[in-house]
2 protein chains.
Amino acid sequence: MVVKDQRGVRERKRVETRARIADSAARLAGERGIAETTIDDIAAAAGIGRATFFRYFDSKELAIATGLSDVGAHVLADVIRAMPDGLGPLEAIRAAYAHLGESFDQLRPMFLEQAQLSRSSSVLFAWTLHLYVDWETAVAEAIAPRFADLAADDPRPRMAGALTMAAARLACDVWVADGGRGDLPALTQKYLSSVHLTPGAS
Amino acid sequence: MVVKDQRGVRERKRVETRARIADSAARLAGERGIAETTIDDIAAAAGIGRATFFRYFDSKELAIATGLSDVGAHVLADVIRAMPDGLGPLEAIRAAYAHLGESFDQLRPMFLEQAQLSRSSSVLFAWTLHLYVDWETAVAEAIAPRFADLAADDPRPRMAGALTMAAARLACDVWVADGGRGDLPALTQKYLSSVHLTPGAS
DNA sequence: GGACAAGATGATACTGAGTCTCATATTTCT
DNA sequence: AGAAATATGAGACTCAGTATCATCTTGTCC
């Protein structure tokens, strides 16, 4: 063999397979619509059996939603982590959005398509909201170190994560309603700026 | 006939039927579990046919989630509206929670059961999150009049609604994880107090 | 008050999601 | 290499969700 990856072939294969399923699901749903995309189609496109699909995702919609949002989801948490140490929690989040906004114009068509698709069916939208909770947690963990005086059960990191995702969702709603013409990053900043954290809250 | 209600018999019947379906769904799901409750069961319990069920709810989980949360959902918006005019937006929300907290001890067992049930299945949790968005909107509309300088596209009411529901959800998570022993209203206040609105944000 | 339009309901049939079981194949450990 | 553990695929099965059509109830117009 060439290189023995971190922890066995199984782990790596699972990650790859999961990504391949999510990508196939999102691509097919984008091409022909959600209702017209069956799990058999997705499984075939991903080169796996139907039963195997359900070992990776609980539902069709979750697979699609994952495929739609893996682009730019946990990415956000990583970008937040990469911001300068001097920045406070919300400052880091705003800076991260500003940073992501720089490359937004190239991603605009894809972003719009994905945002429209995730809002086109209430089932899919429900699962998208479910994913947002995961990102909330990821954001909360990413910014936690930036709180100087952090108690174990401090509500601020989780609330900061929640309002980060709420700002993203609400801004996206407005942006999609406008046909995707406006400036999404700026809109998100606007929503985000309308709230801030209480300094010494316990 | 005795009294001719507002706008016809049809309207009233629809509202009643919808409530009866949601109640039956939540009750059966609570008694025997979500997976063990079929739509045929719910329809039979509500005294309607299977096809009629889908004329009122898009999915089984949505019916259950609606039945679980119609108690205390839009109620919140009404309570907020009933708060004294002098209070600002977040003050009104905090006061509303304080008011609701007074009768919490009687509702505690029911609340816990419903919170646990809605978290017991990821499908149901996803639909519950979907309902939260409706409440966000309801809360946003309820507090909008309390903003003195409100622009048409002001992000603050929606963000206030979002963080209100986020606080409720996150506090409830902690409360359920603790087995429902703690003081949920106080916990919610704590989460809510960790953020506030930026005064003059546009 | 009766006839007609509009909407609500129920029965039935059909597709596809999601679950389960078992036989087979692949990876890991010794 | 061989055994144990785990991943996969195939097939059968239940039930969610959709669509159609006939029947019944409500609202309206004369």
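Quick caveat, the model's predicted, so the values are computed rather than measured. Note: hydrogens, waters and symmetry copies are ignored here, and every other heavy atom, side chains too, is used. A note on names: the letters A, B, ... follow the listed sequences, proteins ahead of strands, and every chain is numbered from 1.
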Carboxylate-amine/guanidinium proximity below 4.0 Å for A:Asp41 and A:Arg32: yes

Side chain of B:Arg55 - closest among D:dT8, C:dG18, C:dT9: C:dT9

Shortest side-chain distance from A:Arg10, nucleotide among D:dT8, C:dT19, C:dT27: C:dT27

Integer-rounded Å distance: C:dG18 C1' and A:Leu62 CG: 13 Å

Spacing between B:Asp40 atom CG and D:dG17 atom C1', to the nearest angstrom: 12 Å

N-O pairing of A:Arg169 and B:Glu136 below 4.0 Å: yes

Separation of C:dC29 P from A:Glu11 CD (nearest whole Å): 12 Å

Nucleotide of C:dT26, D:dA19, C:dA17 approaching A:Lys13 most closely (side-chain heavy atoms): C:dT26

A:Asp58 CG to C:dC20 P, straight-line distance once rounded to whole Å: 12 Å

Cation over ring face, A:Arg14 and A:Tyr56, 6.0 Å, 45°: yes

Closest to the A:Glu61 side chain, choosing from D:dG17, C:dG10, C:dG18: C:dG18

Phosphate contact (D:dG9 OP1 or OP2) by A:Thr52 side-chain N/O below 4.0 Å: yes

Sugar-phosphate only, base, or nothing, as touched by B:Arg50 at under 4.0 Å among non-hydrogen atoms: base

Side chain A:Arg146, main chain A:Leu87, donor-acceptor under 3.5 Å: yes

Out of C:dG18, D:dC15, D:dG17, whichever nucleotide has its closest atom nearest the side chain of B:Thr38: D:dC15

Separation of atom CD1 in B:Ile48 from atom C1' in D:dT23, rounded to whole Å: 17 Å

Distance, rounded to the nearest Å, where B:Lys60 contributes NZ and D:dC15 contributes P: 9 Å

Along DNA chain D (nearest heavy atom to each residue), the more 5'-positioned of A:Arg14 and B:Ser59: A:Arg14

Spacing of B:Asp41 atom CG relative to D:dT14 atom C1', expressed in whole Å: 13 Å

Backbone of B:Ala35 reached by a side-chain donor or acceptor of B:Lys60 within 3.5 Å: no

Sugar-phosphate only, base, or nothing, as touched by A:Tyr56 at under 4.0 Å among non-hydrogen atoms: sugar-phosphate

Separation of atom CZ in B:Phe53 from atom P in C:dA8, rounded to whole Å: 17 Å

